[in-house]
Amino acid sequence: MKTRLNAYRIMWLFVYFDLPTQTKQDKKAYAQFRKELLFDGFMMIQYSIYARHCASRENLEVHKKRVKSVIPEKGNVILFEITDKQFGMMEFYTGKTKPKKTPDQRVIQLELELF
């Protein structure tokens with residue numbers, strides 16, 4: 001039986017991080033963590049906030065496990081998950097200008113496929 005996808009089943013995984021960059025080793029760990037996120041299909045929302053579209057909760061768990069496996073020894077990392085419906089209710093601002101329309105999930109998925 002095929003499960004019908006909907007805005008409550010499709011998920012988004014967010015990774016928030018604050019990693020030290022004082023030493024050369026810290027900078028290397030920061031760069032490696034960021035590269036791993038990008039390699040796994042995450043996109044940068046802000047400098048230390050990355051997000052990835054996941055077709056299902058099961059798919060989200062796979063990517064969450066991958067992120068956990070590359071968390072650096074130092075710093076703080078938060079994994080945060082929301083439904084596609086919740087993502088669609090987010091408002092994106094650039095300064096005080098009119099809010100950008102929340103990016104359409106299909107557009108973001110297409111952008112990720114171009115990488």
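What you see below is based on every heavy atom in this structure, not just the backbone, and it leaves out hydrogens, waters and symmetry mates. Position 1 is the first residue of the sequence; numbering continues from there.
For S48 (side chain) and Y16 (main-chain N/O), no donor-acceptor pair under 3.5 Å exists by modelled atom type.
Between L79 and V15, the shortest heavy-atom distance links the atoms CD2-CG2, 3.6 Å. For the pair V77 and I71, the tightest heavy-atom approach, listed with the atom from each and the gap, is CG2-CG2, 3.9 Å. Annotation for Y30 and Y47: closest pair OH-O, 4.3 Å, computed over non-hydrogen atoms.
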_Worked check of side chain to side chain contact (heavy atoms under 4.5 Å, CB included) between R34 and L38_ = CA-CA 6 Å; R34 186 179 171 281; L38 294 172; 3.4 Å; yes
*asked:* Applying side chain to side chain contact (heavy atoms under 4.5 Å, CB included) to M11 and D84, what does each step give before you reach the verdict?
replied: CA-CA 5 Å; M11 302 293 295; D84 194 48; over 6 Å; no
*Would you check, one step at a time, whether the test side chain to side chain contact (heavy atoms under 4.5 Å, CB included) holds for Y93 with E91?*
CA-CA 7 Å; Y93 290 85; E91 294 182 10; 2.5 Å; yes
*Applying side chain to side chain contact (heavy atoms under 4.5 Å, CB included), run through H53 and I10 and close with a yes or a no.*
CA-CA 8 Å; H53 172 265; I10 298 169; 3.2 Å; yes
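The pair E81-K64 meets the salt-bridge criterion, since a charged nitrogen lies less than 4.0 angstrom from a carboxylate oxygen. Remark: E61 does not engage K65 in a salt bridge, criterion side-chain N to carboxylate O under 4.0 Å.
Between R52 and L37 the shortest side-chain heavy-atom distance does not fall below 4.5 Å.
Using the six-membered ring where Trp is involved, H63 and F42 have ring planes that are perpendicular, over 60° apart on the 30 and 60° scheme.
Side-chain N/O atoms of S56 and E58 include a donor and acceptor closer than 3.5 Å.
Y50 has its ring centre no less than 6.0 Å from the ring centre of F14.
Each of L60, N59, D40 was checked for a side-chain contact (heavy atoms from CB on, under 4.5 Å) with L13, and the lone residue meeting it is L60.
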